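A short write-up of the structure that comes next.
A, B, ... follow the sequence lines: proteins, then strands. Residue 1 opens every chain. In this text the structure is predicted, and so the values were computed from the model without any measurement. Side chains are part of it too, since the values below use all heavy atoms of this structure and drop only hydrogens, waters and symmetry mates.
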2 protein chains.
Amino acid sequence: MAKHDPTLDHLFHALSDPTRRMMLTRLARGPAAVTELAAPTGLRLPTVMRHLSVLEEAGLVTTQKDGRVRSCAFQPQALAPMRDWLEEQRKIWEARLDRLDDYVMTLMKDRTDES
Amino acid sequence: MAKHDPTLDHLFHALSDPTRRMMLTRLARGPAAVTELAAPTGLRLPTVMRHLSVLEEAGLVTTQKDGRVRSCAFQPQALAPMRDWLEEQRKIWEARLDRLDDYVMTLMKDRTDES
DNA sequence: ATCATGCTTAGCCATACCGCTAACAAACCA
DNA sequence: TGGTTTGTTAGCGGTATGGCTAAGCATGAT
């Protein structure tokens, strides 16, 4: 059970920006060069590069240069920690609902005993 | 298909901070007052209040005052847009894999035709 | 050899974020 | 009433973020 998990920090932070989500969605369809990635955003290249490095930092994207072109690829397994975290929260929440349920049942039983 | 979805922005941003995730995990176990929520963080109250309002902004938490104590409650349905987004990405990715698969099959067929 | 292409680096600017203290307000408690 | 508990507001300081321009560098095309 991680107390401080910088992985989740980076993941969630990377996804909190619409431009970065747009870039990621594009990359989910297949690899792309930086310029190609930048085009639909309407942003300048240095700006896009920065977004790209945030995505790399989060492990969501890997890149490699081939010639003068940098090719970027989506890494779907990087989303796993997020799914895991969601699942963990869901379990905690449902355990709570179960306890609530037990409690309500107890109340009903008490009422039955009284009658 | 949302182009700019501030909901996702707020959601992911809210979850990008370990303190806020800790608070949320605590609240998943059941409602709590602000002070109770602050205790395990080691942070001052105003700081925690700020985190709390970020969580509220994202819809992840609702609060209400009764007496002088503010009670905070987790809102699990607020996580739905995130699940949806994840699912959307997964679909795009898998569609891509399917296309890749088709392509490989085509290549194999060509090789077979050649032999 | 020259030029165009595709990044890449450096650095500026405005705003947002995350922590804090200090001071105030509104319950509740004795 | 007077004190304690529980928020709440205002505002400060340092850092991070997200945009930009300008200039540099390496590669590919002519």
Just call it for A:T47: base, sugar-phosphate, or nothing, with non-hydrogen atoms closer than 4.0 Å on any strand.
-> base
d([atom1], [X]; [atom2], [N]) in whole Å:
X	N	atom1	atom2	answer
B:D17	D:dT17	CG	P	12 Å
B:E56	D:dT8	CD	C1'	13 Å
A:E57	D:dT17	CD	P	9 Å
B:R70	C:dA26	CZ	P	14 Å
A:D9	D:dA16	CG	P	14 Å
A:H13	D:dT17	NE2	C1'	7 Å
B:L45	C:dA25	CG	C1'	14 Å
A:R44	C:dG11	CZ	C1'	17 Å

Side-chain donor/acceptor of [X] to backbone N/O of [Y], under 3.5 Å:
X	Y	result
A:R26	A:E36	no
B:R20	B:L15	no
A:H13	A:D9	no

Between B:M49 and A:D66, the residue closer to the 5' end of DNA chain D by nearest nucleotide is B:M49
If each of B:K65 and A:T19 is mapped to the nucleotide of DNA chain D with the nearest heavy atom, which maps nearer the 5' terminus, i.e. the 5' end?
-> B:K65
Could you grab the distance from atom NZ of B:K65 to atom CZ of B:R70, nearest 0.5 Å is fine?
-> 6.0 Å
Between the base of D:dT6 and the side chain of B:R68, is there any donor-acceptor pair under 3.5 Å?
-> no
So, is B:R20 close to the C:dC18 phosphate, meaning a side-chain N or O under 4.0 Å from OP1 or OP2?
-> yes
Nearest to side-chain heavy atoms of A:T35, which nucleotide of C:dC7, D:dT9, D:dG18 | C:dC7
Indicate if B:I92 and A:L79 have the same hydrophobic cluster label, given that clusters are the connected sets of ILVMFWY residues with side-chain heavy-atom separations under 4.5 angstrom.
-> no
